[in-house]
**Q** 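I'd like to ask you about the structure that follows.
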Amino acid sequence: MSRVLVVGEALMDVVTVVDKGTRRRSEHPGGSPANVALGLSRLGVETDFLTSLAIDTAGLAIAQHLRDSGVQIVPESFNAHQTSHATATIGTNGAASYEFDISWHITNTFDIPPVDIIHTGSIAAFLQPGGEQVRQIVQNAPPSSLVSFVPTFGPD
C-alpha cells in the first residue's frame with residue numbers, strides 16, 4: 001500500500017441559514033485537500049497532511065476530525081495565527097453568498113517524509129505565500145514519488 005503526503009488547506013466551513021427571521025449556524029471541517037486526506041485515510045491509505053492551522057478552537061477541531069480517521073497531521077502544520085474559515089450564508093430565497101477568510105502559508109523547513117505520492121491543489125497551489133512553498137515541495141519531491149495535482153481555483 002502506498003503512503004501519501006497531502007499538502008493544502010484545511011478550513012472551517014461555516015454555514016448560516018436564514019429562514020423566517022431565524023438564523024441557524026453550523027460549522028464543519030473542510031477544505032479540498034483536507035477532504036482528500038480524510039478520504040484516503042478512510043480507505044486505508046497511510047496519509048500525512050501538511051496544512052496551515054492555528055492552535056485555536058477551529059484548528060484543534062479540524063485536526064481531531066482528521067486524526068479520528070487516521071490522518072497524520074504533520075507537526076509543522078500548526079503555524080497560523082488563526083485557522084481559515086469559509087462562510088456560506090443561505091438566504092430565505094435559497095441563494096447563497098460566500099465570504100472567505102483564508103490565510104495560507106507553510107513552513108520552509110519541512111522535510112518531505114518517505115512517501116510514494118504527493119497530492120496538492122486547490123487554493124493552496126495558488127494563494128501566496130503558500131503557493132510558492134507548495135511548488136518547492138513538489139520540486140523537491142523524491143524522483144520516485146508520483147505527484148497528483150488538482151488545479152481547483154478558490155476565491156478572488
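The shown structure was predicted, so the numbers you read here are calculated from the model rather than taken from an experiment.
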**Q** Applying side chain to side chain donor-acceptor pair (under 3.5 Å), can you list everything that pairs with H65, at least two apart in sequence or on another chain?
**A**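 H65 satisfies side chain to side chain donor-acceptor pair (under 3.5 Å) with no residue once adjacent residues are dropped.
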**Q** Which pairs count as side-chain hydrogen bond (donor to acceptor under 3.5 Å, both in side chains) when at least one residue sits in residues 49-60, sequence neighbours excluded?
**A**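 Matches after skipping sequence neighbours: S52-N79, D56-T83.
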**Q** For residues 5-20, please give each side-chain donor-acceptor pair under 3.5 Å, one per line with the distance, not counting sequence neighbours.
**A**
residue, atom, partner, partner atom, Å
E9, OE1, A124, N, 3.0
E9, OE2, S122, OG, 2.6

**Q** Show me the side-chain donor-acceptor pairs of residues 86-95 shorter than 3.5 Å, one per line, residues at least two apart or across chains.
**A**
residue, atom, partner, partner atom, Å
N93, OD1, A95, N, 2.9

**Q** Pairs in or reaching into residues 59-84: which pass salt bridge (charged side-chain N to carboxylate O under 4.0 Å, His left out), with residues at least two apart or in two chains?
**A**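 Sorted result for residues 59-84: empty, none.
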**Q** Under the salt bridge (Lys or Arg N to Asp or Glu O under 4.0 Å) rule, collect the residues that match up with R24, sequence neighbours excluded.
**A**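 With sequence neighbours excluded, R24 shows a salt bridge (Lys or Arg N to Asp or Glu O under 4.0 Å) to no residue whatsoever.
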**Q** Does any pair with a residue in residues 82-107 pass salt bridge (charged side-chain N to carboxylate O under 4.0 Å, His left out), and if so which ones, sequence neighbours excluded?
**A**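 Sorted pair list comes back empty.
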**Q** Only pairs at least two apart or in different chains count here, so list each salt bridge (charged side-chain N to carboxylate O under 4.0 Å, His left out) that has a residue in residues 26-38.
**A** R25-E27
**Q** Going by the side-chain hydrogen bond (donor to acceptor under 3.5 Å, both in side chains) test, which pairs reach into residues 28-38, not counting sequence neighbours?
**A** S26-H28
**Q** Which residue pairs satisfy the salt bridge (charged side-chain N to carboxylate O under 4.0 Å, His left out) criterion with at least one member in residues 122-138, sequence neighbours excluded?
**A**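 Passing the test, one end in residues 122-138: E132-R135.
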**Q** P142: which residues meet the side chain to side chain contact (heavy atoms under 4.5 Å, CB included) condition with it, sequence neighbours left out?
**A**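 I112, S144, S145.
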**Q** Taking only residues two or more places apart in sequence or in another chain, which ones pass side chain to side chain contact (heavy atoms under 4.5 Å, CB included) with L146?
**A** I117
